[in-house]
Amino acid sequence: MATKKMTCPVCDVALVQRQLGPVSVDECPSCGGIWFEKGELDQAKDAADGDLNWLDFKVWKSGDLTADLTSSQCPSCGERTVLLTCGETGVSVDYCETCQGSWLEKGEFEKLITALEEEITDLSFSEYAKESLREAGEVLADPKSALSEWKGLASVIRLMRYRLFVEHPKAVEAILSVYRAAH
């Protein structure tokens with residue numbers, strides 16, 4: 001049985017497969033847009049920057065998100081897509097509510113990664129503390145949870161430690177001096 005050939009929702013050109021890190025995505029050779037099947041956008045994000053693995057695309061859940069029905073059709077299932085625009089990021093994604101795939105125009109994936117990296121850079125120590133507790137709760141709720149949950153918790157704790165160094169250098173000096181005195 002032959003697989004259905006997907007076409008670009010912008011150019012109506014056949015999409016070609018290419019690797020984006022470990023993820024095989026469908027790209028338009030004409031406009032450079034990329035189609036991500038369900039879950040592939042998260043996988044590509046994690047591969048682009050491992051520190052982002054715990055974010056789970058909260059951008060889709062943000063209160064600063066607007067959604068507008070588009071005239072574009074999903075390249076995978078043919079349903080109409082919804083244009084999701086996330087406030088300050090400047091990133092718009094055509095999202096299919098039926099198959100949960102995402103279409104990003106050329107350069108939008110890179111913009112999305114940059115926006116997420118800026119988001120984690122802007123978090124305060126207390127926000128990292130909240131996130132580490134949330135991540136720990138997810139791990140404890142399912143002790144057999146995926147390795148990705150454990151990696152997410154480790155990333156949050158590491159980033160929280162860095163933020164502590166930045167926000168409270170005197171406290172870090174005090175901790176280090178106690179540590180040195182003990183050893």
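We count residues from 1, following the sequence as given.
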* Who are the side chain to side chain contact (heavy atoms under 4.5 Å, CB included) partners of Glu110, not counting sequence neighbours? -> none
* Asked: How many angstroms lie between atom OG1 of Thr114 and atom NZ of Lys111, to the nearest 0.5 angstrom?
  -> 10.0 Å
Under 3.5 Å, sequence neighbours excluded: what are the donor-acceptor pairs made by side chains of residues 173-183?
| from | atom 1 | to | atom 2 | distance (Å) |
| --- | --- | --- | --- | --- |
| Ser177 | OG | Glu173 | O | 3.4 |
| Ser177 | OG | Ala174 | O | 2.8 |
| His183 | ND1 | Tyr179 | O | 2.9 |

* Where is the tightest heavy-atom contact between Ser92 and Leu83, given as atom of each residue plus distance? -> CB-CD1, 3.7 Å
* Closest non-hydrogen atom pair between Ala44 and Val23, with its separation -> N-CG2, 3.7 Å
* To do: For residues Tyr95 and Leu84, report the shortest heavy-atom separation together with the two atoms involved.
  => CB-CD1, 3.6 Å
* To do: Can you spot which of Cys74, Ser72, Cys28 makes a side-chain contact (heavy atoms from CB on, under 4.5 Å) with Trp103?
  => Cys28
Run the side-chain donor-acceptor check on residues 30-40: report pairs under 3.5 Å with partners two or more places apart or on a different chain.
| from | atom 1 | to | atom 2 | distance (Å) |
| --- | --- | --- | --- | --- |
| Trp35 | NE1 | Glu37 | OE2 | 3.0 |
| Lys38 | NZ | Gln100 | OE1 | 3.2 |
| Glu40 | OE1 | Glu37 | N | 2.7 |

* To do: List for me each residue that meets side chain to side chain contact (heavy atoms under 4.5 Å, CB included) alongside Glu79, sequence neighbours excluded, and say none if there are none.
  => Cys77, Cys96, Thr98
* Asked: Are Asp122 and Glu127 side-chain neighbours, meaning at least one heavy-atom pair lies under 4.5 Å?
  -> no
* Can you tell me how far the CG atom of Asp26 sits from the CG atom of Leu20, to the nearest 0.5 Å? -> 11.5 Å
* Residues forming a side chain to side chain contact (heavy atoms under 4.5 Å, CB included) with Asp49, sequence neighbours excluded -> Asp51, Leu52, Glu117
* **Pairing residues for Ser24 by the side chain to side chain contact (heavy atoms under 4.5 Å, CB included) criterion, not counting sequence neighbours** => Gln17, Gln19
* Structure fact -> One should read off an interatomic distance between Asp94 CG and Thr81 OG1, to the nearest 0.5 angstrom, of 4.0 Å
* Might you work through the side-chain contact (heavy atoms from CB on, under 4.5 Å) test for Val93 and Glu108, ending with a clear yes or no? => CA-CA 8 Å; Val93 177; Glu108 292 290 300; 5.8 Å; no
